[in-house]
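Structure first, then comments.
Positions are given from 1, in the same order as the sequence printed here.
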Amino acid sequence: EITNKIKDVTAFLKQDPNLFNEWLDLGLFRKSIEDYEGAREAWEYASTIRPENSLSFGNLGVLYGYYLQNPTLAEKNYLKALENDPKLPYLYIRTADFYIEVMDNTEKARAVFERGVLEIPGDETLKMARENL
């Protein structure tokens with residue numbers, strides 16, 4: 001089933017390589033079958049054609065941090081996602097989780113939560129996450 005989805009999305013992308021959502025989908029499909037290199041290529045391309053988005057950069061952060069064991073590139077992509085869309089609370093949580101779970105760095109996690117609370121002062125989830133850290 002996933003192989004057919006990959007074929008279908010790839011056919012669309014051959015017709016129009018500027019289809020951002022399809023690149024995101026291709027990356028998700030490839031990741032789901034543990035083709036991490038294929039997922040990386042899809043999301044890197046999506047990041048190139050839409051450099052102001054946060055989704056592909058956040059996905060790359062997860063991929064590099066948890067699957068490809070490259071914390072340097074993971075951090076770079078998480079921070080780019082936050083830079084591109086600083087009003088999304090889940091990006092702060094995802095980035096802080098990476099700092100805690102992969103880098104074992106609670107200070108960087110705390111700094112991310114502080115930044116999130118400053119950027120989105122009314123978000124209770126970020127405040128609670130910061131307090132629970």
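No more than 12 heavy atoms of other residues, nucleotides or ligands sit less than 6.0 Å from atom OH of Tyr67. Heavy atoms of other residues, nucleotides or ligands lying less than 6.0 angstrom from CE of Met103 number more than 12. Other residues, nucleotides and ligands contribute at most 12 non-hydrogen atoms within 6.0 Å of the CZ atom of Phe12.
In terms of the salt bridge (charged side-chain N to carboxylate O under 4.0 Å, His left out) criterion, residue partners of Glu114 (sequence neighbours excluded) are, by chain and number, Arg130. Take Tyr66 and apply the ring-ring contact (aromatic ring centres under 6.0 Å, His included) test, not counting sequence neighbours, and it matches no residue. Listed by chain and number, the residues in a side chain to side chain contact (heavy atoms under 4.5 Å, CB included) with Ala109 are Ala96, Tyr99, Ile100, Leu133 (sequence neighbours excluded). With sequence neighbours excluded, the residues forming a side chain to side chain contact (heavy atoms under 4.5 Å, CB included) with Glu107 are Asn105, Arg110, listed by chain and number. The ring-ring contact (aromatic ring centres under 6.0 Å, His included) search around Tyr92 returns none, not counting sequence neighbours. With sequence neighbours excluded, the residues that form a ring-ring contact (aromatic ring centres under 6.0 Å, His included) with Trp23 are Tyr45. Taking Tyr90 as the reference, nothing meets the ring-ring contact (aromatic ring centres under 6.0 Å, His included) condition, with sequence neighbours excluded. Asp35 meets the salt bridge (charged side-chain N to carboxylate O under 4.0 Å, His left out) test with Arg30; sequence neighbours excluded.
Looking only at side-chain heavy atoms (C-beta outward), Pro89 and Asp123 come within less than 4.5 Å of each other.
Atom CG in Leu88 sits 5.0 Å away from atom OG in Ser54 (nearest 0.5 Å). Note that the NZ atom of Lys7 and the CZ atom of Phe29 stand 14.0 Å from one another [nearest 0.5 Å].
Listed by first and then second residue, the salt bridge (Lys or Arg N to Asp or Glu O under 4.0 Å) pairs involving residues 75-84 are Glu75-Lys108, Lys80-Glu83 (not counting sequence neighbours). Identified under the salt bridge (Lys or Arg N to Asp or Glu O under 4.0 Å) test for residues 40-60, with sequence neighbours left out: Glu37-Arg40. Sorted by first and then second residue, the salt bridge (Lys or Arg N to Asp or Glu O under 4.0 Å) pairs involving residues 85-97 (not counting sequence neighbours) are Lys87-Glu119. Sorted by first then second residue, the salt bridge (Lys or Arg N to Asp or Glu O under 4.0 Å) pairs that include residues 14-28, not counting sequence neighbours, number zero.
Judged purely by atom type and a 3.5 angstrom limit, Asn84 uses its side chain to pair as donor or acceptor with the backbone of Pro51.
The existence of a salt bridge linking Lys127 and Glu131 is excluded, since no basic side-chain nitrogen approaches an acidic carboxylate oxygen closer than 4.0 Å.
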